[in-house]
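Okay, structure first, notes after.
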Amino acid sequence: MKVAIIPEKCIACGLCQTYSDLFDYDDDGIVKFTNSSEKVKTFSDNADILTAVKACPTKALTLL
Ligand code: SF4
């Protein structure tokens with residue numbers, strides 16, 4: 001599964017990391033991938049990531 005983050009849409013609610021620690025935040029609380037500055041990453045199928053993507057209130061996380 002390929003996941004994109006759109007930091008411009010993130011409202012720093014902190015929800016996604018409660019589902020998956022593959023999501024992290026910058027100093028302002030805006031989403032980033034853990035240990036990465038990339039905006040798109042490919043992961044093996046992962047239900048927690050899928051839940052996080054679906055739960056994001058602003059669609060700052062998307063599946064490609
Ligand atoms: S759930 Fe969405 S809005 Fe909330 S911190 Fe994560 S990416 Fe940002």
Side-chain angles (χ1 to χ4, degrees):
M1 61 194 299
K2 205 173 200 179
V3 182
I5 56 173
I6 307 165
E8 295 79 14
K9 290 187 172 182
C10 177
I11 57 170
C13 73
L15 188 61
C16 47
Q17 198 180 55
T18 68
Y19 294 113
S20 172
D21 61 9
L22 295 173
F23 297 107
D24 197 4
Y25 306 107
D26 68 14
D27 290 344
D28 295 321
I30 301 300
V31 71
K32 61 189 281 294
F33 287 119
T34 299
N35 297 325
S36 172
S37 59
E38 293 177 280
K39 300 288 191 291
V40 176
K41 288 195 79 169
T42 301
F43 301 97
S44 50
D45 283 357
N46 180 313
D48 292 339
I49 294 178
L50 196 56
T51 301
V53 168
K54 287 181 177 174
C56 176
T58 61
K59 303 202 184 315
L61 310 177
T62 59
L63 295 179
L64 299 180

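Whatever order the structure lists ligands and atoms in, that order sets their numbers, starting from 1.
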For this session: Any chance you could measure Ser36, atom OG, to Ile5, atom CD1, to the nearest 0.5 Å?
Result: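 Ser36 OG to Ile5 CD1: 7.5 Å, rounded to 0.5 Å.
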
For this session: To the nearest 0.5 angstrom, please state how far the SG atom of Cys16 sits from the CG atom of Asp24.
Result: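 One finds 9.0 Å between SG of Cys16 and CG of Asp24.
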
Which donor-acceptor pairs under 3.5 Å do the side chains of residues 45-55 make with protein atoms, sequence neighbours left out?
from	atom 1	to	atom 2	distance (Å)
Asn46	OD1	Asp48	N	2.8
Asn46	OD1	Ile49	N	2.9
Thr51	OG1	Ala47	O	2.9

Exercise. Any side-chain heavy atom of Val31 sitting closer than 4.5 Å to one from Tyr25?
Worked result: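 Heavy-atom side-chain distance check passes, below 4.5 Å.
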
Problem set entry | Side chains of Val3 and Lys41 in contact at under 4.5 Å (non-hydrogen atoms) |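 Contact flag for Val3/Lys41 side chains = no.
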
Exercise. Does Tyr25 have a non-hydrogen atom less than 4.0 Å from ligand 1?
Worked result: yes

Exercise. Leaving waters out, which protein N, O or S atoms fall under 2.8 Å from atom 2 (Fe) of ligand 1?
Worked result: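 Per the 2.8 Å query on atom 2 (Fe) of ligand 1, atoms found are Cys56 SG.
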
Problem set entry | Over all atoms of both residues, closest heavy-atom pair of Pro7 and Lys39 |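 Smallest interatomic distance, heavy atoms only, reads CG-CE, 3.6 Å.
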
For this session: Provide the closest heavy-atom pair for Lys59 versus Lys9 in the form atom of the first, atom of the second, distance.
Result: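 Reported closest heavy-atom pair: O-CD, 3.7 Å.
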
Problem set entry | Nearest neighbour in protein (non-hydrogen) for atom 5 (S) of ligand 1 |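 For atom 5 (S) of ligand 1, the nearest protein heavy atom comes out as Gly14 N, 3.2 Å.
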
